[in-house]
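Contents: one structure, followed by commentary.
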There are 2 protein chains.
Amino acid sequence: MFKLSTGFKAGLRALTILAQKGPKTPIPISELTRELSLSDKYLEQLLMALRRAGLVRSVRGANGGFLLAREATKITILDIMTALQGPLAFCDCEAKACGECVRPEIWDALELSMSSSLAMITLYHLASRDPVHVMAQSVVLPDSPVWQDGAGI
Amino acid sequence: MFKLSTGFKAGLRALTILAQKGPKTPIPISELTRELSLSDKYLEQLLMALRRAGLVRSVRGANGGFLLAREATKITILDIMTALQGPLAFCDCEAKACGECVRPEIWDALELSMSSSLAMITLYHLASRDPVHVMAQSVVLPDSPVWQDGAGI
DNA sequence: AATAATCCCAAGTAATCTTATAGGGTATAT
DNA sequence: ATATACCCTATAAGATTACTTGGGATTATT
């Protein structure tokens, strides 16, 4: 479950290159695809999605290309996933009220929990070689009661 | 991103019914599908996956049916998602070493973080009407350095 | 023993989503 | 001017998900 799309992985690798090259010179698609072994047209679509999301900006014309729209420490994994794989939403029913979602408020809680995990890792963490340590993670819920023998809920 | 499959949602609703009816009498598929408006054959496949995962057990023959294999407080969302949507793995490359994954150890950290969130909510939380409070959630990483103007990483 | 209820197993089809390609434009630095 | 590079839309192939179909094995009840 929760597999990353190849589009996301490809876009992320492109962003990593942009982060490593620095925020000064625009990098043309052709240079990115040379390093990534992708077709220009395919990567172009991914970069356009990233641009619409405000993560990269582009310079048109000769010597143009793409660069990060802001520093790598301010671009989170959540930002990138949202741009390339859509928003984090377990169910896209209106106001979480389709008949299929048993307790929508629990989906909300889990989405929030996952979002904050994803928002704490940035493009900097991915593009650098600095060690990463996950220190703690918790979602605290009320204790479940003891199972009543023979009883339902 | 991270949408729940309809199979998962259907299986979860079936589990919710089993939890509410209690652990004594087996509930036949026909009774579950009557409440859920699903075809017997479709729900059957979902229940078989849950059975293979050890979340429900079955009683064959007349008056048979399905019941929870253990108490609802001991069945986590992670268990159910794993059974119905496969294991939580961002990339299914061997040992996280395909050329597409920039920093596999970060995927490991995020998967761990998400797994613990999903493992803290149980079928009891979903099947009951008890209020649920998400109190805290955190993944702590080293601070990102300040962006060096003009420099890459 | 016969019967009806029920779980068990395996394929196969239809619908949907993802991935990737292609063609034709528009803007701009040189 | 012109080459470079971004911008937009359509669509076909492939993979995945959703669902159907057909039959068989097990067991409580009569």
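Note that these values count all heavy atoms, side chains included, but never hydrogens, waters or copies made by symmetry. Throughout, a chain's letter reflects where its sequence line sits, starting with A, and its residues are numbered from 1.
- Of the side-chain N and O atoms in S5(A), one or more sit less than 4.0 angstrom from OP1 or OP2 of dT19(C).
- As a whole-Å value, the separation of Q85(B) CD from dT16(D) P is 15 Å.
- The base of dC7(D) lies close enough to the side chain of E44(A) for a donor and an acceptor atom to sit less than 3.5 Å apart.
- For E35(B), the side-chain hydrogen bond (donor to acceptor under 3.5 Å, both in side chains) partners at least two apart in sequence or on another chain are K21(B).
- Put simply, CG on L67(B) is 12 Å from C1' on dC7(C), counting in whole angstrom units.
- Atom CD1 in I29(B) sits about 12 Å away from atom C1' in dA5(C), given to the nearest Å.
- In this structure, CG of L4(A) is placed 14 Å from C1' of dT18(C), rounded to the nearest angstrom.
- For dA20(C), neither phosphate oxygen OP1 nor OP2 lies less than 4.0 angstrom from any side-chain nitrogen or oxygen of S39(A).
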Each nucleotide in nucleotides 25-30 of chain C should get exactly one letter: B, S or -. Can you fill that in based on protein heavy atoms under 4.0 Å? -BSBBS
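- Remark: C1' of dT9(D) and CE of M48(A) are 12 Å apart, rounded to the nearest angstrom.
- Distances shorter than 4.0 Å separate some side-chain N or O of T6(B) from OP1 or OP2 on dA18(D).
- The stretch residues 51-58 of chain B touches DNA chain C through R51(B), S58(B), each having a heavy atom within less than 4.0 Å of the strand.
- Screening residues 2-18 of chain B for side chain to side chain donor-acceptor pair (under 3.5 Å), with sequence neighbours left out, gives E100(A)-K9(B), S5(B)-Q85(B).
- Mapping G65(B) and G7(A) onto DNA chain C by nearest heavy atom places G65(B) at the nucleotide closer to the 5' end.
- Comparing dC8(C), dC6(D), dA18(D) by their closest approach to the side chain of F66(B) singles out dC8(C).
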Protein and nucleotides 12-16 of chain C: nitrogen or oxygen contacts under 3.5 angstrom:
none

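- Contacts of K41(B) classified as side-chain contact (heavy atoms from CB on, under 4.5 Å), with partners at least two apart in sequence or in another chain: S39(B), E44(B).
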